[in-house]
Amino acid sequence: AQTVTQSQPEMSVQEAETVTLSCTYDTSENNYYLFWYKQPPSRQMILVIRQEAYKQQNATENRFSVNFQKAAKSFSLKISDSQLGDTAMYFCAFMKLPSNTGKLIFGQGTTLQVKP
Amino acid sequence: GAGVSQSPRYKVAKRGQDVALRCDPISGHVSLFWYQQALGQGPEFLTYFQNEAQLDKSGLPSDRFFAERPEGSVSTLKIQRTQQEDSAVYLCASSLGGIRTDTQYFGPGTRLTVL
């Protein structure tokens with residue numbers, strides 16, 4: 001069975017600074033997707049970034065980038081130039097491939113507070 | 001267009017009552033998912049529909065949980081004889097095609113409290 005672990009329950013960062021959220025996972029699968037989702041307070045969860053395991057290049061989306069270390073089974077999220085609107089709970093998630101159902105396996109989440 | 005909507009947003013039930021939670025996916029989305037999110041935890045998969053077919057219900061915690069999507073659009077998650085451990089936020093998500101790796105769009109959730 002696959003597991004996803006986020007070891008940082010809470011983090012804070014000053015506005016405009018950079019922060020890195022950690023995620024490790026355990027799987028015997030060779031091919032899979034990894035995701036970071038953002039869940040703002042009282043708002044819907046949205047996809048921030050995704051990474052396909054067979055792609056060596058790290059994914060980037062504007063201020064968000066990942067550091068994917070397949071051998072170490074590590075998938076960290078870096079947020080550059082943090083903004084107040086980045087305050088949210090962040091979830092790392094895993095999907096094995098091929099997937100018959102699109103089932104996502106989530107970590108426990110990291111609450112990020114961006115301070116002015 | 002409109003996103004995924006869920007109703008009610010909040011539900012309080014007495015232990016032993018039956019509840020029904022509704023999900024309206026994004027129009028035209030083929031795939032629909034239900035997840036359960038306990039307080040302070042990540043969501044856990046419950047079940048998956050492709051159109052009206054329930055292709056995976058491996059995450060349903062007991063036979064008190066039942067989901068349906070009879071016409072391939074709106075879905076209902078029903079919990080019979082609710083218990084305190086059922087208290088959680090129930091999230092619905094939909095994705096465009098039958099390709100399971102399509103981006104999942106989440107609704108705001110229904111917060112169920114069982115007293």
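Just the heavy atoms: all of them, side chains too, but no hydrogens, waters or symmetry mates, feed the values below. Chain A is the first sequence line, chain B the second, and so forth, proteins listed ahead of strands; every chain is numbered from 1.
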- Query: Does the pair B:His29 and B:Tyr105 meet the rule for a side-chain contact (heavy atoms from CB on, under 4.5 Å), with working shown?
  - Reply: CA-CA 10 Å; B:His29 276 199; B:Tyr105 295 88; 3.7 Å; yes
- Query: Within a reach of under 6.0 Å around CD of B:Glu85, are more than 12 heavy atoms found that belong to other residues, nucleotides or ligands?
  - Reply: yes
- Between A:Ile46 and chain B, which part of the residue has a heavy atom less than 4.5 Å away: side chain, backbone, both or neither? neither
- Item | Region of B:Gln37 that comes under 4.5 Å of a non-hydrogen atom in chain A | side chain
- Query: Is it the backbone or the side chain of A:Phe35 that comes under 4.5 Å from a heavy atom of chain B, or both, or neither?
  - Reply: neither
- Among the listed options A:Arg43, A:Met45, A:Met89, the residue most often paired with chain B at heavy-atom distances under 4.5 Å: A:Met45
- Query: Looking at B:Tyr10, is B:Arg111 sitting on its ring face, NZ or CZ under 6.0 Å from the six-membered ring centre and within 45 degrees of the normal?
  - Reply: no
- Item | chain B contacts, top residue of A:Ile105, A:Leu104, A:Leu47 (heavy-atom pairs, under 4.5 Å) | A:Leu104
- Query: Thinking salt bridges, do B:Asp18 and B:Arg64 make one under a 4.0 Å N-O criterion?
  - Reply: no
- Query: Tell me, side chain or backbone of B:Tyr35 under 4.5 Å from chain A's heavy atoms, or both, or neither?
  - Reply: side chain
- Answer yes or no: is there an ion pair linking A:Lys103 with B:Asp56, defined by an N-O contact shorter than 4.0 Å? no
- Message: Using heavy-atom distances under 4.5 Å, tell me whether A:Gln39 contacts chain B through its side chain, its backbone, both, or neither.
- Response: side chain
- Short side-chain to backbone donor-acceptor contact, B:Thr82 and B:Val114, under 3.5 Å: no
- Query: In terms of heavy-atom pairs under 4.5 Å, which option from B:Pro108, B:Gly40, B:Gly59, B:Ala93 contacts chain A the most?
  - Reply: B:Pro108
